[in-house]
Amino acid sequence: MTVTVITGGGAGIGASVARRLAARGDSLVIADRDPSAANAVADEVGGVAVAVDVAVPGSGRIVVDAALQTYGRLDAVVACAGIERGAPAAQISRETFEQVYAVNVHGSFDVAQAAFRVFERQGEGGRIVLIGSANSMVALPGQSAYASSKGAVLMLARSLAVDWAHAGVTVNVVAPGVTDTAMSSQSLSDPTKRASLMSKIPMGRPARPEEIAEAVEFLSSERTSYITGAYLPVDGGWLAAG
Ligand SMILES: NC(=O)c1ccc[n+]([C@@H]2O[C@H](COP(=O)([O-])OP(=O)(O)OC[C@H]3O[C@@H](n4cnc5c(N)ncnc54)[C@H](O)[C@@H]3O)[C@@H](O)[C@H]2O)c1
């Protein structure tokens, strides 16, 4: 049995990851700050739902404990919960900046650390996948909080990969480009913004969330035991185009 925790599993990329991992036979914990969204996905995939805000310290322990209580073990964690708060750098408030970091960076760290403590006790290694972004590497206007937080997610994964390799725990980043979810719906439904974004992407279209889930499935599988600290863009060629 493979037991996987997915934060932000109630919608978008996280929900697609839940469907993909359920299809390969994982037992799932769907964690989301939106309880009805978490419940709906958990019902659909046959998993257990946990309502948590990953920005709250200790939330990682709560979701990992749910896995242990329900299934008796833990094999993988996928940290999908994330927010974007676009604003010009001259105007963004300190509060908003910190809010983005609290979810994207601290939330990812919290659940990764809680998972590692369980992996260490189990003694069988483990898989941690953090969701970064093409914006871990390139910035767009108004993204001082978001892009820098996703850059931090990348270095967080590399740091954890180095610290935890001795225990057979891998930590990797899947980096979506523009993906068709609620997070990007405002930009994608504005014809000017959509055209500007698509002009950067050789494939000329956004990703479907299922296409991101394929990369997560790979990096959260047993067969990637020697891949750690990697950054895998799933971006239709955006970063390759420079
Ligand atoms: N959509 C894109 O274009 C895109 C591109 C690159 C990276 N990403 C990243 O992919 C991840 C998923 O994004 P998405 O597009 O699916 O977004 P989404 O807004 O469609 O879904 C995010 C989910 O996370 C949950 N969530 C948000 N904050 C939370 C918190 N504090 N605690 C618990 N749950 C929380 C939401 O309730 C929602 O269910 C994010 O980390 C995002 O930064 C998205």
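Quick note: numbers below take in every heavy atom, side chains included, and nothing from hydrogens, waters or symmetry partners. Start at 1 and go down the list; that is how both ligands and their atoms are numbered.
Between the choices R33, H106, M183, the shortest heavy-atom distance to atom 42 (C) of ligand 1 belongs to M183. Considering each of D34, D53, D32, V100, the one bringing a non-hydrogen atom nearest atom 37 (O) of ligand 1 is D32. In the candidate list A51, A38, G8, G8 is nearest to atom 23 (C) of ligand 1, counting heavy atoms. Relative to atom 4 (C) of ligand 1, the option among G132, G177, C80, A15 with the closest non-hydrogen atom is G177.
An N or O contact shorter than 3.5 Å links I13 to ligand 1 by distance. Between V54 and ligand 1, at least one N/O pair is under 3.5 Å apart.
Inspection of the S93 and T96 side chains reveals an N or O donor paired with an N or O acceptor under 3.5 Å. In this model, no donor atom of one side chain and acceptor atom of the other lie less than 3.5 Å apart for T2 and D75.
The list of salt bridge (Lys or Arg N to Asp or Glu O under 4.0 Å) pairs with a residue in residues 155-180, not counting sequence neighbours, is empty.
Other residues sharing the hydrophobic cluster of V234, ordered by chain and number and joined by side-chain separations under 4.5 Å: I6, I13, V17, L21, L28, I30, V41, V45, V78, V129, I131, V174, I212, V216, F218, L219, I227, L232.
Atom 22 (C) of ligand 1 has G82 O, 4.3 Å as its closest protein atom, hydrogens excluded (heavy atom only). Closest to atom 3 (O) of ligand 1, if we only count protein heavy atoms, is T179 N, 2.8 Å. Ranking protein heavy atoms by distance to atom 6 (C) of ligand 1, first place goes to P176 O, 3.3 Å. Given atom 41 (O) of ligand 1, the protein heavy atom at minimum distance is K150 NZ, 2.8 Å. The shortest contact between atom 1 (N) of ligand 1 and any protein heavy atom is with T181 OG1, 3.0 Å. Of all protein heavy atoms, the one lying nearest to atom 10 (O) of ligand 1 is I131 CG2, 3.3 Å.
Heavy-atom minimum distance, L154 versus Y231: CD1-CD1, 3.6 Å. In terms of heavy-atom proximity, I201 sits nearest to G236 at CG2-O, 3.7 Å.
Each of the following atoms of ligand 1 lies closer than 4.0 Å to a heavy atom of V103: 28 (N), 31 (N). Against a heavy-atom cut-off of under 4.0 Å, S184 is close to the following atoms of ligand 1: 1 (N), 3 (O). Atom numbering of ligand 1 starts at 1 in the shown order; those under 4.0 Å from a heavy atom of Y146 are 6 (C), 7 (C), 8 (N), 9 (C), 42 (C), 43 (O). Interface atoms of ligand 1 facing A182, defined by a heavy-atom separation under 4.0 Å, are 20 (O). The atoms of ligand 1 that sit less than 4.0 Å from any heavy atom of V178 are 3 (O).
Using a cutoff of 4.0 Å between basic side-chain nitrogens and carboxylate oxygens, E222 and R127 are not scored as salt-bridged. Between R20 and E214, at least one side-chain N (NZ, or NE/NH1/NH2) sits under 4.0 Å from a carboxylate O, which counts as a salt bridge.
Residue V52 touches ligand 1 through its backbone alone, judged by heavy-atom distances below 4.0 Å.
Ring orientation note: the planes of F116 and W164 are close to parallel, at an angle under 30° on the 30°/60° scale.
Put simply, the side chain of E120 reaches to within 4.5 Å of the side chain of H166, judged on heavy atoms. Contact of the T170 side chain with the I128 side chain is not registered, since no non-hydrogen atoms from C-beta on lie closer than 4.5 Å.
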